[in-house]
Structures are given as structure tokens and as C-alpha cells.
S.K.: 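There's a structure below that I have some questions on.
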Amino acid sequence: MADIESKVPDIGGHGDVPVIELLVAIGDTVKKDQGLVTLESDKATMEVPAIADGVVKALKVTLGDKVSEGSVIAIIDGAASPLPLAGEVDARSAAGEGVSAAATPSPQPSPVKGEGAKAPAPSAASSSGRTADLECAMVVIGAGPGGYTAAFRSADLGLDTVLVERYASLGGVCLNVGCIPSKALLHAADVIEQAAHASDYGVDFGAPKINIDTLRGYKDKVVGQLTKGLSGMAKQRKVRVVQGTAKFLSAHELEIMGDDGKAQVLRFAQCIIAAGSQPVKLPAFPWDDPRVMDSTDALDLADVPKTMLVVGGGIIGLEMATVYRALGSEVTVVEFMPQLMPGADADLVKPLADRLKKQGVAIHLKTKVVEAKAGKKGIEVAFEGESIPAGKVYDRVLVSVGRAPNGGKLDAAKAGVAVTERGFIDVDRQMRTNVPHIFAIGDLVGQPMLAHKATHEGKLAAEVAAGEKKEWVARVIPSVAYTDPEIAWVGVTETEAKAKGLKVGVGKFPWAASGRAIGLSRTEGFTKLVFDEDSHRIIGGGIVGVHAGELIAELALAIEMGCEVHDIGHTIHPHPTLSESVGMAAEVYDGSITDLYIPKKK
């Protein structure tokens, strides 16, 4: 048979109908009448079917393209031998049969998620010829939230899965030296702060006595409980965990180097790279001196320094500033940008900045460190900028200026995977790299570098690898700073809307009018919703105040569901709660608020 064009059939006279979903990729085997793409008109959603059995040779449309009756959707090679589906490849591998590159379908993705300039695709190395110590259908490199989710989901879908992790425990940076231990310490800081102000309402605890060893032990216990749980779930799913550092030998081989110096060769059918990122280490600092710390070092809680400099006023730096200030350190923060947390709206950040200043934290904006030297009495620091700190010598310095992806540490070029100069890996909406059977997720595919983003990406990659027809569809990804007060935001920020010239309206409810916030003696916060002025749909929002991170999910769900202002305002929120501020912010926008008096515009 010759190449067959699958075209858009009669769709009721509709024209310029957008493509909202690609159901197949190049190289996929399809049956007659199987859906190729999904179209959505203002009247209905419909699939365009294949008109014959065969293999997809070319796709003539991409997401967002507009088509009409007669538009060519795909070229189908009716004479091609059907290729096995991913699930069939994996089933054979699990049964012990050999694995080869030709066994995997070969879609040609269009990378869309990576950071910076697109990297050229290198030529993959040929097979090493070494005897494989391990074989599997799926290997996942990295056991952080994205990696262990990908491995567990792969196993749940029937793929024989190996999970490679360089550390002794699962969980990656987030669980071991990031999200989880920092929240344990922030909880302790919150208890200290609440106790300090309990005398305001007649309860006096006196000055706290801090046992640093016990606190460190509590933090480690929290981490241990979670890592133990992950190990148990891996065993239950029969996921084989291999400790070591993985590097590619070829497109279907890894070399895993253990701490004992012994190397193992693993041959795989498909791979998900979830190798994460590491803290950026600025060259101006003497990193061989233990008094200079990155975020991992700060969480070790070696001691409570009398003076501490935090370089970088982002989320991680300010969380650690919150912890160490509560424990008794005199903290100074320097930030190169004009505001703390540059990604958030300035009005959200202001209550935090004001509170930190009242607590004695010195904040210096538009300022940078130009030199740092190890001295006998501390780290000697020289600054440059508009707000030079008075102190020049610090007992400890925390450098928290961002994270760098680990994509360049895997010898990915030997597998033919393109990696940018910055270490990012480009992927498509199914998390495929330029090599069809190799996926990448998490920090090394681009911003935002957040565990909850990686988790969703890992699950998606595993499902696509198992043969499911899915792609990334999340509209927004929320961000949370677990400072005091917490700051959370999602979707379009007010600053972003102004920069892009978007026509938006804002509903803002101050927590000074919240009964729950008044009862907590924490009225500095507010809830803000951003609406599209034409449709009145919510497109963004932010919350600052205690437990803001627990409230932001409602805003994310509202955006995903396309909620209009009345959908939110008419949803009955329990009283008295902080969550009702969401509904009241919607009422502020539509002018129906009764818990505030807002004079009508003349």
C-alpha cells in the first residue's frame, strides 16, 4: 500500500477548529477508526480517526493548529510492519527476552519545556558490548519525589522497574536535605515564635531552652520515617533499588558506580531521567571553609551561629533565615534584586519583609557580595550596591542563590540525548527527550524547580512509557514560601499581567477583617484573586499569612476548572476560617462583599 492521508472528515460545516490533543505520535501503530487527534469547536469535541491500519509516518498538525474539513492530519504507512507497543516491549523484557533499540516506537518530539537555547542532538554511542549485570523494561535515574513516583507508577502499570539512587535512602534532595527537614525546623521556629507572644493573651512560657542535638534528632526522625516508608513501598511493588551513580554508556545501557568502586552495567528498554539539581556555588566564596554553607549544610544544624549572613533573598534563603533567627542568630539578608522573592508580587512580600524587620532581621536589597575570605574571627565579606550592611564579618554565611540542573553529569550524549550548556534537557508535552524511549522530568527539564511539579511529570512519563496516550495538561503550578508569614501564589501574578498588558481585575480581602485571623492575632495577611476582565474567570491569585500554603490549592483548582467569580463567591466556605477569605476576595471583585464597606465608584 502507498502512503495514506488521514484527513478531517465532514465536521458539520465548522471551519478553523483548533487541535486540542494529539492522540498518537510518529511511529505509533494504529488501527482503522482509531483517534489521531482531538478537535474542539464551540459546539462539541470530536476525534479525527485513522482511515486505515498502519504506522503513523508523519503528523501534519501540532497542538493549537486550526483545521477544517479536508485538512491532512497524518500520513499513515499502510505497508509498514506493525511495531510493538510500549507495553508489549516491556512485557517481553520482564520475561527475560533481549532488548534492542529497534523494539521501541520512535516518535520525533518537538522539545518545548527546556530552559534556554535548544541543544543540538548528539549521535548516540554504539552498544558497549559489555555483559549486562541487570536488565529491565524501565530504569529511573534519581529517587526524589519525581523519580520514585515515576518508578512506582511504572511498576503499578506492569513494567519491570529499576530505581537508581546515589544516596543510601530514597527521597532525593526534597525528602533528605530539602523540603521535609526544612519544614520540620520551620515548625520548631513557629512554636518558638508562638510561645514568645503567648503572654499577650495571658499564657507565659518564659524564655525557650533550645537543645540543638534534640532538635536535630527530631528533624532526622521526621526524614527517617518518610524514607523508611518509601523503601517499604518499593519492596511492595517489586521495584529493584540500586545504589550508585548512573551514567549512560549507550542509548540502552547505563553504568552504575557504587560507593565501593564496583561498576554494574544495566540494559534497559526505556528510561526516565530524574536526576534533579544542586545548589549553585558562587566562586567568590571559600567553599573549603565549613563556615560557608549551602542549603544542605544549613539543614545539618551544626550549631546556632551568633551572626549569620544569608546571600539570596529567595524562598530557600528566607526559610533558613526564619529558622536561624528563631533559634537565636542575628541574621542579615542581602538580595541583588529590588525586592525579596522576585517571582512574587511586591504586595505579597511586604508583610513578610515588615515582620522580618520587626524581628531584627537586617534586609539589604540591590546589594551583592563581591568578595568573601576566611578569617580567624569569621567569614570576611565585602559588598557592593545601594544598601551596604554594617557588619563585615560573620560566623556563618549561607549562599542561597538558586539551583543548577544535573543534566550535564550523566554522559547523556552517549545515549543521544540533547543537553543544553546550562544542564537542562528539552522534553515535549509527554516528557520525551529527543530520544523517544528516554524521558526526563523534574528540575532538569526547566523551571519551576518544585517537587510537586516533578511528581506530576514523573507519573505522566511512566504512563506514556507504558503506552497510555497522555500529555501535560496542567495550566498552573503553585509556589509556596514557608516563611512567617507564609506566601503562596499561583497562575498569573498582578505584576505579570501588567507587563503583558492583560486586562485584569483584582479582588483583595484583608485578613484584618477575618475573624479567624483576629483570633490568631495574625492579621497582617490578605487574599488576592486576579480575574480576566472580559470573561470574569480567575487566572491567578496570591495569599500571604499563616497557613497560606494550605489555602493556595483552592485557587489552583479554580483556575484549572475555569471558575468565574460567581463560582467562587457562591461556594459556601466554612466560618470562621482563613479559607473563607478566598470567597470574600471574589465578593470584593464583584462588588457584593458585606464584610467590608467599599464605597461605590462614582
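These numbers were taken from a predicted model, which means no experiment stands behind them.
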S.K.: Can you find a pair of side-chain heavy atoms, one from I487 and one from L352, that are under 4.5 Å apart?
M.R.: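 Of all side-chain heavy-atom pairs linking L352 with I487, at least one is under 4.5 Å.
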S.K.: Which pairs of donor and acceptor atoms, one on a side chain in residues 355-363, lie under 3.5 Å apart (sequence neighbours left out)?
M.R.:
{"residue": "R355", "atom": "NE", "partner": "D484", "partner atom": "OD2", "Å": "3.4"}
{"residue": "R355", "atom": "NH2", "partner": "E193", "partner atom": "OE2", "Å": "3.3"}
{"residue": "Q359", "atom": "OE1", "partner": "R325", "partner atom": "NE", "Å": "3.3"}
{"residue": "Q359", "atom": "NE2", "partner": "E193", "partner atom": "OE2", "Å": "3.3"}

S.K.: Under 4.0 Å between a side-chain nitrogen and a carboxylate oxygen: does that hold for R522 and E524?
M.R.: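 Yes, R522 and E524 are salt-bridged.
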S.K.: Kindly compute the distance separating CE (M233) from CZ (F152), expressed to the nearest 0.5 Å.
M.R.: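 Nearest 0.5 Å value for the CE-CZ distance: 5.0 Å.
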S.K.: Which residues pass the ring-ring contact (aromatic ring centres under 6.0 Å, His included) test with Y324, sequence neighbours left out?
M.R.: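 For Y324 there are no ring-ring contact (aromatic ring centres under 6.0 Å, His included) partners, ignoring immediate neighbours.
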S.K.: State, to 0.1 Å, how close C136 and R240 come at their nearest heavy-atom pair, and which atoms those are.
M.R.: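 In terms of heavy atoms, the two residues are closest at CB-NH2, 3.7 Å.
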S.K.: Write out all pairs satisfying side-chain hydrogen bond (donor to acceptor under 3.5 Å, both in side chains) with one or both partners inside residues 292-317, taking only residues at least two apart or from two chains.
M.R.: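 Passing the test, one end in residues 292-317: D303-R396, T307-D395.
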S.K.: K183: which residues meet the salt bridge (Lys or Arg N to Asp or Glu O under 4.0 Å) condition with it, sequence neighbours left out?
M.R.: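 Expected list: E319.
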S.K.: Return each pair, listed once, that meets side-chain hydrogen bond (donor to acceptor under 3.5 Å, both in side chains) where at least one residue sits in residues 211-224; pairs must be two or more places apart or across chains.
M.R.: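 Counting only pairs at least two positions apart or across chains, the side-chain hydrogen bond (donor to acceptor under 3.5 Å, both in side chains) contacts touching residues 211-224 are N211-T214, D213-R216.
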S.K.: Is any NZ, NE, NH1 or NH2 atom of the basic residue among E255 and K247 found under 4.0 Å from an Asp or Glu carboxylate oxygen of the other?
M.R.: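 Between K247 and E255 there is no salt bridge, as every charged N stays at least 4.0 Å from the carboxylate O atoms.
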S.K.: Charged N to carboxylate O below 4.0 Å: is that the case for K392 and E380?
M.R.: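 E380 and K392: not salt-bridged.
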S.K.: Please examine the side chains of Q243 and D259, heavy atoms only from C-beta on, and report whether any two atoms are closer than 4.5 Å.
M.R.: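 Yes, close enough: below the 4.5 Å cut-off.
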S.K.: Look only at the side chain of S400 and the backbone of G317, and say whether a donor-acceptor pair between them is shorter than 3.5 Å.
M.R.: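 Judged by distance alone, yes, a pair lies under 3.5 Å.
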S.K.: Between the side chains of N176 and S169, does any donor sit under 3.5 Å from an acceptor?
M.R.: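 There is such a pair (donor and acceptor under 3.5 Å, judged by atom type) between the side chains of N176 and S169.
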S.K.: Determine whether F439 and V445 make a side-chain contact, defined as any pair of heavy atoms from C-beta on separated by less than 4.5 Å.
M.R.: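 F439 does not reach V445 side chain to side chain.
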S.K.: Quick one: list whatever passes side chain to side chain donor-acceptor pair (under 3.5 Å) with K500, sequence neighbours left out.
M.R.: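 Here the qualifying residues are E496.
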